[in-house]
Amino acid sequence: MATSSSALMVAAAVALGGGLILVVRRLLSNSVRAGGSGLMRGKTVIITGANCGIGKATAAELVKQEARVILACRDQGRAEEAAAELRREAGDRGEIVIKQLDLSSLQSVRRFCQEVLKEEPRLDVLINNAGIFQCPYTKTEDGFEMQFGVNHLGHFLLTHHLLGLLKSSAPSRIVVVSSKLYKYGEINFDDLNSEKSYSKSFGYSRSKLANILFTRELAMRLEGTGVTVNALHPGIVRTNLGRHINIPILIKPLFNVVSWALFKTPEEGAQTSIYLASSPEVEEVSGKYFGNCKEEELLPKAMDDLVARKLWDISEVMVGLIK
């Protein structure tokens with residue numbers, strides 16, 4: 001009885017404290033929201049994983065800014081549901097287009113890019129948003145560890161094939177959604193495919209570190225082209241990204257209270273993606289890392305240009321760009 005009372009008291013305290021934090025956070029987030037009707041008029045944006053969570057919230061705002069937004073999604077049915085909802089919310093502003101993309105299949109990535117290059121005359125913003133989080137050890141269609149394959153390699157190939165269109169549409173932008181959890185990752189070139197050992201948490205962190213290293217190397221390669229690339233962390237957000245995490249039944253009610261009180265909504269989590277995609281303030285900024293719409297410092301391992309270059313070279317081989 002005492003234990004249950006203590007648990008209730010803890011939950012109440014968390015909810016009260018979290019409620020105050022939530023109010024303050026929303027006031028602050030309102031002050032940094034990128035926006036303005038018509039800001040993205042005439043611009044085409046691709047968002048991977050845009051049928052739910054941060055990707056969907058990003059799409060919703062950019063459509064309201066009158067962008068033509070391509071939802072690049074694996075599940076066609078869920079993408080159509082999301083598109084219908086986004087169209088209802090946007091009214092006659094912007095445009096929503098659906099294209100099928102499975103980042104766990106290099107063939108799907110190539111097919112998607114071929115379709116885009118054939119049908120789209122311009123591409124102003126590419127948002128590499130889709131991701132998989134702490135899944136059990138599985139492999140992609142091409143034999144890569146799933147998190148590294150989807151979060152890094154799939155987006156690496158996608159970006160490569162769309163660079164020509166981005167350059168011809170310059171000034172244009174690439175936005176890479178990473179995570180604060182990159183801090184716990186290491187790039188082990190002797191076991192990039194996690195065949196010797198696998199930790200789903202460290203696997204995710206490694207893929208997010210790879211996102212940042214990719215951003216830095218790409219920024220150097222894009223100097224003088226009019227195309228910028230920046231990475232970001234969205235914070236801790238209430239999405240279905242954590243569907244592979246098992247939470248004990250007894251703890252789940254408390255976790256739900258904590259997540260409601262302390263985690264960001266998808267709309268809040270999307271603000272930095274929206275800012276980097278549309279704000280005039282960062283039009284010429286490239287190779288940086290952002291959180292809460294502000295530039296943040298990185299750990300030395302995320303700024304190692306030698307590791308970034310080596311990872312780039314190996315990634316080219318892994319996705320078949322170099323034989």
Side-chain angles (χ1 to χ4, degrees), residues 22 25-26 29-30 32-104 108-109 112 115-116 119-120 123-133 150-151 154-155 158 173 175-177 179 232 234-244 256 259-261 263-279 293:
L22 187 65
R25 193 176 70 226
R26 285 183 175 168
S29 68
N30 285 335
V32 298
R33 285 180 191 270
S37 179
L39 185 62
M40 297 293 286
R41 184 181 299 126
K43 296 187 176 182
T44 297
V45 182
I46 291 176
I47 308 175
T48 66
N51 60 278
C52 62
I54 296 171
K56 182 181 176 185
T58 302
E61 179 59 31
L62 293 179
V63 169
K64 290 174 184 176
Q65 293 181 25
E66 302 189 30
R68 170 183 167 83
V69 178
I70 298 173
L71 311 183
C73 304
R74 180 180 58 83
D75 189 316
Q76 189 80 8
R78 292 178 64 190
E80 289 173 356
E81 291 176 5
E85 184 178 337
L86 290 169
R87 290 181 183 118
R88 285 195 299 270
E89 292 176 359
D92 59 357
R93 293 172 292 181
E95 182 182 359
I96 295 287
V97 177
I98 299 171
K99 291 187 185 295
Q100 202 276 335
L101 171 65
D102 182 356
L103 288 160
S104 69
S108 175
V109 174
F112 171 86
E115 186 176 337
V116 169
E119 299 178 0
E120 302 297 329
L123 176 58
D124 300 274
V125 184
L126 170 64
I127 304 180
N128 292 339
N129 167 83
I132 189 164
F133 180 72
V150 170
N151 299 353
H155 282 120
L158 175 75
R173 310 182 188 192
V175 178
V176 179
V177 180
S179 167
L232 69 100
I236 305 175
V237 185
R238 293 196 303 274
T239 70
N240 67 353
L241 191 64
R243 60 189 178 276
H244 295 293
N256 290 338
S259 65
W260 174 86
F263 292 9
K264 291 181 178 181
T265 65
E267 290 72 24
E268 291 168 337
Q271 290 307 304
T272 306
S273 294
I274 297 163
Y275 174 74
L276 291 176
S278 63
S279 175
C293 301

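FYI, the numbering just counts along the sequence from 1. Since the structure is predicted, the reported quantities are computational estimates derived from the model, not experimental observations.
- Using a 4.5 Å cut-off on side-chain heavy atoms (C-beta onward), Thr44 and Ile70 make contact.
- Listed for the Ser108 side chain is a donor-acceptor partner under 3.5 Å among the backbone atoms of Asp102.
- The closest donor-acceptor contact from the side chain of Glu61 to the backbone of Ala57 lies at 3.5 Å or more, if one exists at all.
- The pair Glu66-Lys43 fails the salt-bridge criterion, with no side-chain N (NZ, NE, NH1 or NH2) lying under 4.0 Å from an Asp/Glu carboxylate O.
- With Asn151 contributing its side chain and Ile132 its backbone, the two residues share a donor-acceptor pair below 3.5 Å.
- For Arg68 (side chain) and Val45 (main-chain N/O), no donor-acceptor pair under 3.5 Å exists by modelled atom type.
- Considering CG of Asp75 and CG of Leu101, their distance stands at 12.5 Å, rounded to 0.5 Å.
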- [ ] Please assess Gln100 against Cys73 for the test side chain to side chain contact (heavy atoms under 4.5 Å, CB included), listing each intermediate value before the final yes or no.
- [x] CA-CA 5 Å; Gln100 202 276 335; Cys73 304; over 6 Å; no
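- Ion pairing between a basic and an acidic side chain is recognised when a charged N comes within 4.0 Å of a carboxylate O; Arg87 and Glu95 show no such pairing.
- The side-chain heavy atoms of Lys99 and Glu119, taken from C-beta on, include a pair separated by under 4.5 Å.
- Residues Asn128 and Val175 form no side-chain contact, since every pair of their non-hydrogen atoms from C-beta on lies 4.5 Å or further apart.
- By the 4.5 Å heavy-atom criterion applied to side chains, Met40 and Val125 are counted as neighbours.
- The CG atom of Leu71 sits 8.0 Å away from the CG atom of Asn51 when rounded to the nearest 0.5 Å.
- The CD atom of Glu80 sits 5.0 Å away from atom CD1 of Ile98, with the distance rounded to the nearest 0.5 Å.
- Of all non-hydrogen atoms in Arg78 and Cys52, the two that sit nearest each other are NH2-SG, 3.7 Å.
- When atom types are taken as modelled, the side chain of Asn129 and the backbone of Thr48 share a donor-acceptor pair closer than 3.5 angstrom.
- Distance check: Ile274 CD1 to Glu267 CD gives 9.0 Å after rounding to the nearest 0.5 Å.
- One finds the OG1 atom of Thr58 at 10.5 Å from the CG atom of Leu276 (value rounded to the nearest 0.5 Å).
- For the pair Glu268 (side chain) and Thr265 (backbone), a donor-acceptor distance under 3.5 Å is present.
- Here the side chain of Arg93 pairs a donor or acceptor atom with the backbone of Ala90 at under 3.5 angstrom.
- Not a single donor-acceptor pair under 3.5 Å links the side chain of Gln65 to the backbone N or O of Leu39.
- The main-chain N or O of Leu232 is never found under 3.5 Å from a side-chain atom of Thr272 such that the two would form a donor-acceptor pair.
- Note that CD of Glu89 is 6.5 Å distant from NZ of Lys56, once rounded to the nearest 0.5 Å.
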